[in-house]
Amino acid sequence: MEQLAVVWRAMALDRDPDADVRDLPGLAVRWADSRFAFWNCVTLTEADTGAELLARRLAQAADIMRAKRRPGFLWLFEDLLAEEARGTLAAAAEQAGLRYAFPGTAMAGDLLPIPEPSHPDLTFARVTTAAQLESYADLNSRGYGFPLEDGRDGLAGSALWTGGVHAYLALRDDVPVACAATVEAAGRLFVLLVATDPRWQRRGYGEAVTRKALYEGARATGLTRATLHATAAGAPVYPRIGFVPHSPMGFYGLRE
């Protein structure tokens with residue numbers, strides 16, 4: 001959760017210096033109001049949250065989300081909830097006007113450094129130009145089912161992504177087919193926005209480019225521990241690299 005709060009602060013402010021970035025009692029708001037919904041985030045921050053407090057926090061999160069122009073997600077780390085609260089989560093979310101969108105898993109590992117990666121089909125290129133950044137955005141849009149314009153709104157023109165983030169494209173015959181990035185965050189290397197073009201999935205391309213982003217990020221920073229938040233599609237891949245699943249996550253949007 002703390003890694004999410006650190007990284008998403010930077011990502012939201014990169015999109016808009018006036019983004020809603022607040023640490024409230026029990027809630028972290030990281031909301032860029034971007035068309036790219038992943039940059040619009042609220043998360044619960046208290047450990048051992050009981051059922052009554054959970055209901056209040058979900059209602060507060062939903063109120064914050066309703067006040068925004070663009071949709072986003074509540075990221076909920078289930079291990080922060082007390083046992084009795086986990087049993088009431090579905091009903092409390094419904095009462096707050098939230099809908100369950102999709103699952104995730106928080107993972108971490110003391111896995112760095114790793115060997116320099118390679119794949120017989122691929123070459124790798126660091127994202128340093130506007131054209132490469134657009135390709136990175138388009139891969140995420142295709143991989144996660146967003147309109148291309150939404151992904152581009154999330155990344156276009158970013159000096160952070162072409163400089164501070166270790167963002168890499170995997171190229172097959174010079175065509176971008178997958179992407180992954182790492183960024184330094186509070187003593188960890190955080191993996192974000194991993195995606196593979198649906199036409200090229202199940203060939204190991206996402207794993208290969210993730211290894212590349214980790215390898216280069218570790219080489220640049222000297223960090224040895226990495227963290228990430230995996231979607232269901234990526235969850236089987238990351239343990240092969242050395243990540244250990246820790247907390248189940250739920251992503252919630254507003255009920256229409």
Side-chain angles (χ1 to χ4, degrees), residues 1-46 56-77 80 96-99 101 104 127-141 144-167 179 181-195 227-229 249 251-256:
M1 176 272 294
E2 291 171 353
Q3 287 281 292
L4 172 67
V6 169
V7 175
W8 255 242
R9 172 186 289 273
M11 297 301 151
L13 293 174
D14 177 63
R15 283 296 82 195
D16 181 358
D18 296 319
D20 186 359
V21 174
R22 291 178 287 161
D23 293 299
L24 305 173
L27 293 170
V29 183
R30 305 289 187 265
W31 204 283
D33 237 6
S34 169
R35 290 180 58 175
F36 187 58
F38 281 144
W39 291 161
N40 305 331
C41 164
V42 182
T43 190
L44 275 61
T45 59
E46 292 155 314
R56 291 206 309 271
R57 294 297 185 233
L58 292 179
Q60 290 169 332
D63 285 344
I64 291 169
M65 295 165 74
R66 288 190 194 97
K68 304 304 183 185
R69 283 191 315 128
R70 305 286 188 189
F73 297 107
L74 166 70
W75 300 43
L76 194 148
F77 296 85
L80 292 178
L98 297 166
R99 60 172 180 82
V127 173
T128 59
T129 69
Q132 289 171 324
L133 190 57
E134 183 173 287
S135 294
Y136 197 107
D138 289 353
L139 283 167
N140 270 270
S141 294
Y144 293 106
F146 293 132
L148 293 184
E149 293 79 8
D150 290 7
R152 293 174 183 178
D153 187 62
L155 293 177
S158 172
L160 176 63
W161 274 81
T162 54
V165 175
H166 305 279
C179 61
T182 57
V183 65
E184 186 172 1
R188 306 287 186 265
L189 206 57
F190 189 90
V191 179
L192 70 167
L193 296 195
V194 178
T227 56
L228 58 79
H229 304 133
M249 301 169 61
F251 291 77
Y252 293 80
L254 287 175
R255 206 169 56 235
E256 294 181 1

Mind checking the CG-CD spacing from Asp138 to Glu149? Nearest 0.5 Å is all I need. 9.0 Å
Can you name the nearest heavy-atom pair linking Ala32 to Ala19, along with the distance? CA-CB, 3.9 Å
Determine whether the side chains of Gln132 and Thr129 contain a donor N or O and an acceptor N or O closer than 3.5 Å. yes
Nearest 0.5 Å, please: how far is CG in Leu98 from OH in Tyr252? 8.5 Å
Separation between CG (Leu44) and CG (Leu58), nearest 0.5 Å, reads 6.0 Å
Carboxylate-amine/guanidinium contact Arg35 Asp153, below 4.0 Å: no
Nearest non-hydrogen partners of Ser141 and Pro147, listed with the distance: OG-O, 3.4 Å
For the residue pair Ser158 and Asp14, what are the closest heavy atoms and their distance? OG-OD2, 2.8 Å
Min side-chain heavy-atom separation Phe190-Leu228 under 4.5 Å: no
dist Glu46:CD -> Leu80:CG (nearest 0.5 Å) comes out at 9.0 Å
Thr45 OG1 to Glu2 CD distance, which is reported to the nearest 0.5 Å: 9.0 Å
Any heavy-atom pair between the side chains of Met11 and Val165 that's under 4.5 Å? yes
Does a salt bridge link Asp20 with Arg30, judged by any charged N lying under 4.0 Å from a carboxylate O? no
Is there a side-chain contact between Arg70 and Phe36, using heavy atoms and a 4.5 Å cut-off? no
Does some side-chain heavy atom of Val127 sit less than 4.5 Å from a side-chain heavy atom of His166? no
Take Cys179 and Asn140 through the side-chain contact (heavy atoms from CB on, under 4.5 Å) test and state the conclusion after the steps. CA-CA 8 Å; Cys179 61; Asn140 270 270; 3.4 Å; yes
For Ala195 against Leu139, the heavy-atom pair lying closest together: CB-O, 3.6 Å
Assess whether side-chain contact (heavy atoms from CB on, under 4.5 Å) is satisfied between Phe73 and Phe38, documenting all intermediate values. CA-CA 7 Å; Phe73 297 107; Phe38 281 144; 3.9 Å; yes
The test is side-chain contact (heavy atoms from CB on, under 4.5 Å); show your working for Leu193 and Tyr136 and say whether it passes. CA-CA 9 Å; Leu193 296 195; Tyr136 197 107; 3.9 Å; yes
Met65 CE to Leu254 CG distance, which is reported to the nearest 0.5 Å: 4.5 Å
Once the angle between the rings of Tyr144 and Phe146 is folded into 0 to 90°, is it parallel (under 30°), tilted (30 to 60°) or perpendicular (over 60°)? tilted
Whether Arg57 side chain and Leu27 backbone form a donor-acceptor pair below 3.5 Å: no
Could you tell me how the ring of Trp39 sits relative to the ring of Trp8: parallel (under 30°), tilted (30 to 60°) or perpendicular (over 60°)? perpendicular
I'd like to know if the side chain of Asn40 and the backbone of Pro71 have a donor-acceptor N/O pair within less than 3.5 Å. yes
Leu4 side chain near Trp75 side chain, heavy-atom distance below 4.5 Å: yes
Is it the case that the side chain of Gln3 and the backbone of Ala185 share a donor-acceptor pair, with hydrogens and angles ignored and the cut-off at 3.5 Å? yes
Pair Glu256, Arg99 - check salt bridge (charged side-chain N to carboxylate O under 4.0 Å, His left out), show working. CA-CA 9 Å; Glu256 294 181 1; Arg99 60 172 180 82; 5.5 Å; no
Taking all heavy atoms of Val183 and all of Gly164, pick out the closest pair and write down the distance. CG2-O, 4.3 Å
Pair Val29, Val21 - check side-chain contact (heavy atoms from CB on, under 4.5 Å), show working. CA-CA 5 Å; Val29 183; Val21 174; over 6 Å; no
Chi angles and distances behind the salt bridge (charged side-chain N to carboxylate O under 4.0 Å, His left out) call for Asp23, Arg9: CA-CA 10 Å; Asp23 293 299; Arg9 172 186 289 273; 3.1 Å; yes
Ion pair Arg152/Asp150, N-O distance below 4.0 Å: no
Heavy-atom nearest pair, Val191 first then Thr182, reads CG2-CG2, 3.9 Å
